[in-house]
Amino acid sequence: DYSNYLLDKYQIDLDKVEPSENGEQITISHLDQTTFEVFSDSIIISSIGAYFNAQPFLRSAPSIFSISPSNNVRHTREYDISNSNLKTMGWHYDTVNMIQCAILLNDITENDTHMQIAKGVHRKHRIKFKDRFYSDEYINDHFEIVRSVGPAGTLVFFDSNSPHRIFTVKHSLRIYIKAMYTPGNDIASRVFPEQKELQVSIDGLDMSKLSNVQKNIYDYLDCNKNRT
């Protein structure tokens, strides 16, 4: 399956991932045909397009993320928000109008390091980043928590403008590949033009079976296109 395909392709041994508080990232700037087809899949793209009621675009190149924390999750009052890593900082929200699409590459249960999401909060847009952090008490008092768990190969969608966090469990590995889609806002190659690895090369890939909507998701990231 796709999870084993990626582990083999990038020579990732789940038993040899070193503990890391902030995690590791592999950015896939030159897409292989299999990864290209996964994140261009008609069901994924049509579902996200229906959610936005607009053409979805990839925000940045898909990336493989892994985290094997050296500590259990801490209470939010223990975090220094001014000097934190988003992977471990506690409850927060990301930019408005962005869907994260993740595929788990290892088996994850509620007893392992996993993503937690406040349920139903995606119906309200949050745009003031000075208010983007939430305490454990506030989340527990106001929201039901959804736990993003499942066997390797599980596909997860969520609106990351909803409050969410990584619930860390000491030495428990979470590894996944993630792509982010927006209706055109906050495209990473525009926000961080110096980070060329956030762009995507789709040169030489077979696009013959894709609809125009599927092809268009790469419009702002295809480094082989000449843009003005």
With distance as the sole test, does [X] use its side chain to make a donor-acceptor pair with the main-chain N or O of [Y] at under 3.5 Å?
| X | Y | value |
| --- | --- | --- |
| Asp159 | Ile99 | no |
| Asn140 | Asp136 | yes |
| Asn106 | Leu173 | yes |
| Thr109 | Asn111 | yes |
| Ser172 | Thr113 | yes |

For the atom pair [atom1] ([X]) and [atom2] ([Y]), what is the distance rounded to the nearest 0.5 Å?
| X | Y | atom1 | atom2 | answer |
| --- | --- | --- | --- | --- |
| Ser66 | Tyr10 | OG | OH | 14.0 Å |
| Asp141 | Tyr134 | CG | OH | 14.0 Å |
| Ile12 | Ile175 | CD1 | CD1 | 4.0 Å |
| Met180 | Phe39 | CE | CZ | 11.0 Å |
| Asp41 | Leu210 | CG | CG | 9.5 Å |
| Ser40 | Gln33 | OG | CD | 9.0 Å |

What pairs of residues pass the salt bridge (charged side-chain N to carboxylate O under 4.0 Å, His left out) test when at least one of them lies in residues 28-39, not counting sequence neighbours?
none
Once salt bridge (charged side-chain N to carboxylate O under 4.0 Å, His left out) is applied, what residue pairs with a partner in residues 168-182 remain, sequence neighbours excluded?
none
At their closest point, which heavy atom of [X] faces which heavy atom of [Y], and how far apart are they?
| X | Y | result |
| --- | --- | --- |
| Ala54 | Pro183 | CB-CB, 4.1 Å |
| Ser42 | Gln214 | N-NE2, 3.3 Å |
| Asn4 | Asp1 | N-OD1, 3.0 Å |
| Asp107 | Ala152 | OD1-N, 2.8 Å |
| Leu105 | Tyr176 | CG-CA, 3.8 Å |
| Asp206 | Phe36 | O-CE2, 3.5 Å |

Just to verify, which of Val156, Ile166, Thr154 counts as forming a side chain to side chain contact (heavy atoms under 4.5 Å, CB included) with Ser148?
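When side chain to side chain contact (heavy atoms under 4.5 Å, CB included) is applied between Ser148 and each of Val156, Ile166, Thr154, only Val156 qualifies.
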Which residues share a side-chain contact (heavy atoms from CB on, under 4.5 Å) with [X], sequence neighbours left out:
| X | value |
| --- | --- |
| Gln116 | Trp91, His114, Ile145, Arg147, Arg165, Phe167 |
| Ser47 | Ile43 |
| Leu155 | Ile44, Cys101, Ile103, Phe157 |
| Asp186 | Arg59, Thr95, Val191 |

Counting only heavy atoms not in Asn53, do more than 12 fall under 6.0 Å of its CG?
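Not more than 12 within 6.0 Å, no.
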Measure the shortest side-chain to side-chain distance between Val169 and Asp112 over non-hydrogen atoms and say whether it is less than 4.5 angstrom.
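Answer no - side chains too far apart.
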Can you check whether Gln55 reaches Val213 side chain to side chain, under 4.5 Å on heavy atoms?
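Yes - at least one pair of side-chain heavy atoms lies under 4.5 Å apart.
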Which is it for Tyr2 and Thr35 under the side-chain hydrogen bond (donor to acceptor under 3.5 Å, both in side chains) test, yes or no, and what are the steps along the way?
CA-CA 8 Å; Tyr2 183 58; Thr35 298; 2.8 Å; yes
Do [X] and [Y] belong together in a cluster built from hydrophobic side chains that touch within less than 4.5 Å?
| X | Y | answer |
| --- | --- | --- |
| Val146 | Met98 | no |
| Ile28 | Ile45 | yes |
| Phe57 | Ile202 | yes |
| Leu104 | Val149 | yes |
| Ile217 | Val38 | yes |

His164 vs Phe158 aromatic rings, parallel, tilted or perpendicular, using cut-offs 30° and 60°?
perpendicular
Donor on one side chain, acceptor on other, Asp94 and Gln100, under 3.5 Å
yes
